[in-house]
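A short worksheet on the structure shown next.
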Amino acid sequence: MPEVDVSKAKKEFYEDVPMKSPGFFLKGSGSLDWGMKNRLARIFNPKTGRTVMLAIDHGYFQGPTTGLERIDLNIVPLIPYADALMLTRGILRTTIPPASTKPIVMRASGGPSILKELSNEQIAVDIEDALRMNVCALAIQVFIGGEFETRSVHNMTRLVDMGLRYGIPVLAVTAVGKEMTRDAKYFRLACRICAELGAHFVKTYYVPEGFETMTASCPVPIVMAGGKKIPVLDALTMAYNAIQQGALGVDMGRNIFQSEAPIAMIRAVGNIVHKNMRPDEAYELYQSLKNKKKGE
Ligand code: R5P
């Protein structure tokens with residue numbers, strides 16, 4: 001028999017205080033279910049509405065990329081400074097300490113290596129395995145204009161359907177073929193198609209002209225992709241511009257883990273994303289953290 005409520009204190013129902021119906025801070029996510037919102041709120045910091053994702057999934061098509069040869073030695077020490085990790089299930093299971101509570105955005109597409117046509121991908125993770133690994137989102141490449149455009153779009157819509165069934169958001173990554181022009185017109189098209197067909201957030205490249213039109217016309221959050229390694233100040237400036245022009249975070253890989261001082265770099269990026277630090281100040285911070293490390 002259940003224990004009787006024996007307290008002598010008067011029950012308090014606060015009848016005159018209406019119960020709040022909290023909204024949700026993230027663009028385009030207000031109508032999602034609780035589990036989806038909760039997972040997104042682990043990726044995007046609810047205080048700033050932004051995220052610094054560390055992308056280390058490159059091995060899924062190009063093997064041991066420079067800087068990722070030993071994820072246990074080079075990447076695990078960076079984990080505390082990222083808001084979320086983007087990686088494959090193989091690296092998660094073999095190399096990421098299970099005691100880490102960092103949200104995982106799991107690469108869910110694959111197939112071709114750098115030796116073949118990259119757009120010929122398929123879904124590469126079962127939704128049940130994603131649940132077993134307690135992931136916060138699934139990431140999939142979408143090749144708008146690519147040879148296997150339709151297949152990659154269908155991969156994404158199938159993943160969205162599976163994700164919706166279990167409350168797992170989907171990150172669409174706009175992949176650019178060598179022959180495509182990387183301009184705002186192309187990325188507006190790619191990002192909008194991903195969002196219209198159900199992606200919960202989109203990872204795409206920064207362009208110097210018209211990036212704000214990409215963020216404005218995409219009804220879900222955009223996180224900026226890092227791209228190939230460029231000089232530190234240029235990478236910090238690119239992140240700053242993207243954030244000021246409406247990106248709700250960054251998902252950077254090589255510009256962090258191929259940097260001379262990866263911890264200094266991710267901390268500088270974090271200040272840009274969450275504190276609107278200007279690129280010159282962030283560069284100074286990077287230099288001082290880097291020099292401090294040297295002097296230790
Ligand atoms: C491919 O498009 C992937 O998602 C990458 O493996 C990765 O996320 C790229 O990161 P970054 O360009 O910043 O090195």
Side-chain angles (χ1 to χ4, degrees), residues 43 51-69 71 74-75 78 81-92 103-114 116-125 135-146 148-149 152 155-156 159 170-178 180 182 186-187 190-191 194 199 201-207 222-232 234-239 241-243 247 249-259 262 265-266 268-270 272-273:
I43 298 168
T51 186
V52 175
M53 291 169 54
L54 177 62
I56 54 161
D57 60 324
H58 309 55
Y60 92 96
F61 72 107
Q62 60 180 34
T65 305
T66 308
L68 296 179
E69 301 90 335
I71 287 175
N74 297 334
I75 301 298
L78 301 182
Y81 305 99
D83 294 312
L85 296 176
M86 181 189 190
L87 42 56
T88 59
R89 64 173 154 181
I91 290 301
L92 184 72
I104 299 299
V105 177
M106 181 155 290
R107 160 65 52 190
S109 62
S113 72
I114 36 168
K116 296 273 183 171
E117 167 52 43
L118 287 178
S119 67
N120 191 11
E121 282 195 345
Q122 297 197 357
I123 293 177
V125 170
V135 308
C136 276
L138 290 164
I140 190 152
Q141 222 73 354
V142 178
F143 296 83
I144 300 301
F148 292 89
E149 172 184 75
S152 73
N155 288 342
M156 187 200 82
L159 201 65
V170 168
L171 168 66
V173 182
T174 63
V176 192
K178 283 192 193 83
M180 284 163 213
R182 288 177 176 229
Y186 171 77
F187 288 120
C191 293
C194 292
F201 57 129
V202 177
K203 169 175 171 170
T204 199
Y205 290 95
Y206 181 73
V207 292
I222 284 188
V223 290
M224 184 205 78
K228 67 175 191 312
K229 175 82 178 72
I230 53 177
V232 173
D234 293 354
L236 295 173
T237 304
M238 179 172 77
N241 289 341
I243 293 294
V250 299
D251 185 11
M252 293 172 84
R254 287 163 289 177
N255 277 291
I256 290 173
F257 61 72
Q258 291 179 353
S259 143
M265 187 62 181
I266 195 167
V269 170
I272 286 173
V273 170

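As the structure lists them, so they are numbered: ligands from 1, and atoms in each ligand from 1.
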I need the minimum non-hydrogen distance between Tyr205 and Thr174, along with the two atoms involved.
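Closest pair (atom of Tyr205, atom of Thr174, distance): CE1-O, 3.8 Å.
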Taking every non-hydrogen atom, the tightest pair across Asn255 and Gly226
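Smallest heavy-atom distance, with atoms named: ND2-O, 3.7 Å.
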Quick one: table the atom pairs, ligand 1 N or O against protein N or O, below 3.5 Å, distance rounded to 0.1 Å.
| residue | atom | partner | partner atom | Å |
| --- | --- | --- | --- | --- |
| ligand 1 | 2 (O) | Gln141 | NE2 | 2.6 |
| ligand 1 | 4 (O) | Asp57 | OD2 | 3.2 |
| ligand 1 | 4 (O) | Arg107 | NH2 | 2.9 |
| ligand 1 | 6 (O) | Asp57 | OD1 | 3.0 |
| ligand 1 | 8 (O) | Asp57 | OD1 | 3.0 |
| ligand 1 | 8 (O) | Lys203 | NZ | 2.5 |
| ligand 1 | 10 (O) | His58 | NE2 | 3.3 |
| ligand 1 | 12 (O) | Gly227 | N | 2.8 |
| ligand 1 | 12 (O) | Arg254 | NH2 | 2.8 |
| ligand 1 | 13 (O) | Gly226 | N | 3.4 |
| ligand 1 | 13 (O) | Gly227 | N | 3.3 |
| ligand 1 | 13 (O) | Gly253 | N | 2.8 |
| ligand 1 | 14 (O) | His58 | NE2 | 2.7 |
| ligand 1 | 14 (O) | Arg254 | N | 2.9 |
| ligand 1 | 14 (O) | Arg254 | NE | 2.8 |

Before you tell me yes or no, could you show the steps for Phe201 and Ile43 under side chain to side chain contact (heavy atoms under 4.5 Å, CB included), namely the whole-Å CA-CA distance, both residues' side-chain angles and the distance that decides it to 0.1 Å?
CA-CA 11 Å; Phe201 57 129; Ile43 298 168; 4.0 Å; yes
Residues two or more places apart in sequence or in another chain: which of them pass salt bridge (Lys or Arg N to Asp or Glu O under 4.0 Å) with Arg254?
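By the salt bridge (Lys or Arg N to Asp or Glu O under 4.0 Å) rule, Arg254 matches no residue at all.
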Does a side-chain heavy-atom distance below 4.5 Å link Leu118 with Gln141?
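The answer is no; the side chains never approach within 4.5 Å.
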Picking from Asp251, Ile272, Val223, Asp83, what satisfies side chain to side chain contact (heavy atoms under 4.5 Å, CB included) with Val52?
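Considering Asp251, Ile272, Val223, Asp83, a side chain to side chain contact (heavy atoms under 4.5 Å, CB included) with Val52 is found only for Asp83.
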